Number of protein chains: 2
Amino acid sequence: MLNRTKYKNSTRDFVYEALRDAIVSLELPPGATISEKEISEELEVSRTPVREAFLRLTEDELLTVLPQRGSYISLIDLDHVEDARFLREQAEAGIIRLACESFSDSYIEKLEKNLKYQRFARDNDDENELFILDKAFHRLIAEGSSKSRVWEVIQKVDTHSNRLRKLSLAMKLNWKKLVDQHEEMLSAIKAKDSDLAEKLMRNHLALLIYDQKALKESYPDYFK
Amino acid sequence: MLNRTKYKNSTRDFVYEALRDAIVSLELPPGATISEKEISEELEVSRTPVREAFLRLTEDELLTVLPQRGSYISLIDLDHVEDARFLREQAEAGIIRLACESFSDSYIEKLEKNLKYQRFARDNDDENELFILDKAFHRLIAEGSSKSRVWEVIQKVDTHSNRLRKLSLAMKLNWKKLVDQHEEMLSAIKAKDSDLAEKLMRNHLALLIYDQKALKESYPDYFK
DNA sequence: TCTACCACACTACCATACAAGTATGCTAGT
DNA sequence: ACTAGCATACTTGTATGGTAGTGTGGTAGA
């Protein structure tokens with residue numbers, strides 16, 4: 001794993017971020033067992049900060065701890081994924097309505113710039129970059145509507161979906177139409193058409209039910 | 001504080017629940033300083049589980065920890081309250097739409113029973129009971145729509161509002177019209193009128209901006 | 001061969017000791 | 001009288017030792 005010095009001040013945060021990144025990137029796959037001692041030796045820290053990181057990961061539902069038995073990376077629970085997706089749809093529907101009501105020119109520009117890069121990434125089949133730009137696009141809409149904190153909360157409960165997205169990336173699923181949808185959404189915001197914007201957003205996020213079935217069949221061990 | 005034996009298995013959960021209840025009930029008021037050592041002596045446990053409870057409370061934004069300096073109960077941040085309210089409005093608007101589409105008779109009955117008690121509590125000026133019944137009412141709608149987990153998530157981020165509600169209880173603010181609104185909502189669900197139900201829910205939750213101003217003036221030390 | 005039992009290795013949980021940063025008040029020097 | 005600086009008593013952060021519960025593999029006995 002990475003070197004400690006490039007991280008935050010506290011050892012706890014270092015361990016937490018290292019583990020979370022490893023889990024979300026599937027470097028530590030769902031179902032893998034890990035122990036406090038093992039990680040503490042690997043990262044060359046004591047068990048205390050590792051334990052505290054474990055607690056936070058448990059809260060994020062990325063880790064499952066069985067007292068006196070062991071811990072393992074949580075399996076992806078499609079019910080949880082759907083609940084997170086539902087919450088996200090409701091939240092972002094409300095947010096994009098706000099965006100239609102009041103959105104500064106500077107944020108319009110930021111979105112346009114982001115979209116330009118999205119098109120570029122799409123034309124170059126750079127799914128990884130598209131993944132990042134997609135996230136940034138939605139974040140910008142929330143930011144411009146002064147709802148950054150809401151967006152952060154959603155992100156927090158959306159970790160399971162993030163792992164799914166990583167899987168769908170690996171399987172090269174449909175990432176193309178995404179850009180078109182984003183463009184339509186930006187047009188709606190510019191036209192201040194709240195109803196249309198909300199509808200587009202809901203359709204867009206409904207698609208996040210990717211090919212859950214296909215993914216589950218390809219990686220059965222990763223699912224609950 | 002309470003005896004340990006009546007709580008869950010782990011010491012950590014015992015400490016966490018004891019502190020969280022004390023904070024939300026305002027027994028530990030915003031701004032009050034507490035230390036790991038102090039709590040560990042009071043509850044007669046070691047510092048480790050106390051510390052772990054502190055970490056969880058920090059994640060809930062109920063506690064603020066300043067390394068090497070001290071910890072204090074977080075002040076109520078009205079911006080955070082509004083963000084949580086916004087998220088709750090979006091979520092419950094979506095949930096009540098679901099309720100209009102599919103809601104079993106048994107849950108209709110449960111809501112009716114709950115409302116009966118609400119009327120009783122209102123007529124007896126029992127604000128405390130009304131507080132509990134209000135919570136249960138909303139929870140029932142989520143449960144009946146198979147969105148319990150979403151409701152739990154909302155609850156988790158809504159802790160600041162809960163403290164506000166406790167304050168407004170103390171000030172005997174308007175708790176009467178609440179029952180009427182709930183009755184209208186149930187009627188809309190029965191009539192399967194999604195649009196009306198959603199509108200009612202949004203209006204209802206918009207009111208949760210109580211008299212924030214009045215509260216802030218009455219308890220200035222509790223706010224950020 | 002099968003089963004009951006036990007020793008052992010493993011886990012997370014909790015207690016405690018030590019380290020390091022911070023605030024405060026006293027004291028010595030001006 | 002005032003200030004710089006240090007001792008001290010706090011705080012949280014980290015390390016480590018011991019405890020109790022759990023799974024496993026081997027062994028003795030039928």
Side-chain angles (χ1 to χ4, degrees), chain A residues 1-20 22-23 28-75, chain B residues 1-20 22-23 28-75:
Chain A
M1 300 215 186
L2 289 160
N3 194 304
R4 164 176 188 168
T5 50
K6 71 186 283 282
Y7 275 87
K8 293 236 181 78
N9 13 25
S10 83
T11 311
R12 169 172 69 244
D13 290 342
F14 157 66
V15 176
Y16 171 72
E17 290 178 20
L19 287 176
R20 192 201 51 200
I23 294 172
L28 281 173
T33 63
I34 60 175
S35 75
E36 296 175 358
K37 190 153 170 280
E38 170 197 345
I39 299 296
S40 74
E41 286 169 0
E42 208 165 312
L43 299 181
E44 294 179 324
V45 298
S46 82
R47 276 156 32 222
T48 302
V50 173
R51 182 176 166 70
E52 292 172 349
F54 271 36
L55 284 174
R56 288 182 66 184
L57 292 168
T58 301
E59 290 237 323
D60 297 345
E61 296 190 88
L62 290 176
L63 189 68
T64 303
V65 174
L66 305 172
Q68 270 72 31
R69 275 191 282 174
S71 310
Y72 61 92
I73 312 300
S74 299
L75 299 176
Chain B
M1 299 210 187
L2 290 161
N3 193 302
R4 165 176 187 170
T5 50
K6 72 186 283 283
Y7 275 86
K8 293 233 182 80
N9 12 24
S10 83
T11 311
R12 167 172 68 242
D13 289 343
F14 157 66
V15 176
Y16 171 72
E17 290 177 22
L19 287 176
R20 192 201 50 198
I23 295 172
L28 281 172
T33 64
I34 60 175
S35 76
E36 297 175 359
K37 188 152 170 280
E38 169 197 347
I39 300 295
S40 73
E41 285 168 359
E42 209 165 312
L43 299 181
E44 294 180 325
V45 298
S46 84
R47 260 188 62 211
T48 302
V50 172
R51 182 173 168 70
E52 293 172 350
F54 271 38
L55 286 174
R56 288 182 64 183
L57 292 166
T58 302
E59 290 239 320
D60 297 345
E61 295 188 89
L62 291 176
L63 190 68
T64 303
V65 174
L66 305 173
Q68 272 73 30
R69 275 192 282 177
S71 310
Y72 61 92
I73 311 298
S74 299
L75 299 175

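Below, chains carry the letters A, B, ... as their sequence lines are ordered, and counting in each starts from 1. Given the structure is predicted, the values throughout are model-derived calculations rather than measurements.
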- Message: Please report the distance, rounded to the nearest Å, between CZ in B:Phe54 and C1' in D:dT11.
- Response: 11 Å
- Heavy atoms only: give me the nearest A:Thr58-A:Val65 pair and the separation to one decimal. OG1-CG2, 3.6 Å
- Query: So does B:Gln68 reach the base of D:dT12 with its side chain, donor to acceptor, closer than 3.5 Å?
  - Reply: yes
- Query: Do the side-chain N or O atoms of A:Arg51 get closer than 4.0 angstrom to the phosphate oxygens (OP1, OP2) of C:dC13?
  - Reply: yes
- Which of D:dT14, C:dC13, D:dT12 is nearest the side chain of A:Pro49? It is D:dT14
- Query: What is the distance, rounded to the nearest whole Å, between atom CD of A:Glu41 and atom P of C:dA12?
  - Reply: 12 Å
- Heavy atoms under 4.0 Å, any strand shown: does B:Arg47 hit a base, just sugar-phosphate, or nothing? base
- Closest non-hydrogen contact found for B:Ser10 with B:Asp13 is OG-N, 3.1 Å
- To the nearest angstrom, the CD1-P distance between A:Ile39 and C:dT11 comes to 11 Å
- Message: Strictly below 4.0 Å: does A:Thr11 bring a side-chain N or O up to OP1 or OP2 of D:dT14?
- Response: yes
- Looking only at heavy atoms, what is the nearest atom pair of B:Pro30 and B:Ser74, with distance? CB-O, 3.6 Å
- How far does OH of A:Tyr72 sit from OG1 of A:Thr33, to the nearest 0.5 angstrom? 11.0 Å
- Query: When the distance from CD of B:Glu36 to C1' of D:dT14 is rounded to whole Å, what number comes out?
  - Reply: 12 Å
- Message: Looking at A:Glu52 and A:Arg56, is any side-chain nitrogen of the basic one under 4.0 Å from a carboxylate oxygen of the acidic one?
- Response: no
- Message: Counting the atoms with a prime plus P, OP1 and OP2 as sugar-phosphate, which does B:Leu55 contact under 4.0 Å by heavy atoms, base, sugar-phosphate, or nothing?
- Response: nothing
- Query: To the nearest Å, how far apart are A:Glu52 CD and C:dA12 C1'?
  - Reply: 14 Å
- Which one, D:dT12, C:dC14, D:dA15, comes nearest to the side chain of B:Ser10? C:dC14
- A:Tyr72 OH - C:dC10 P separation (whole Å): 22 Å
- Message: Output the rounded distance in Å from CD (B:Glu38) to C1' (D:dT12).
- Response: 14 Å
- Answer with base, sugar-phosphate or nothing: what part of the nucleic acid does B:Ser35 contact at a heavy-atom distance below 4.0 Å? sugar-phosphate
- Starting from C1' on D:dG17, measure out to NZ on A:Lys37 and report it in whole angstrom. 13 Å
- Is the distance from OP1 or OP2 of C:dA23 to the nearest side-chain N or O of B:Arg69 less than 4.0 Å? yes
- Task: Starting from the 5' end of DNA chain C, give me the residue, A:Thr48 or A:Ser71, whose nearest nucleotide shows up first.
- Result: A:Ser71
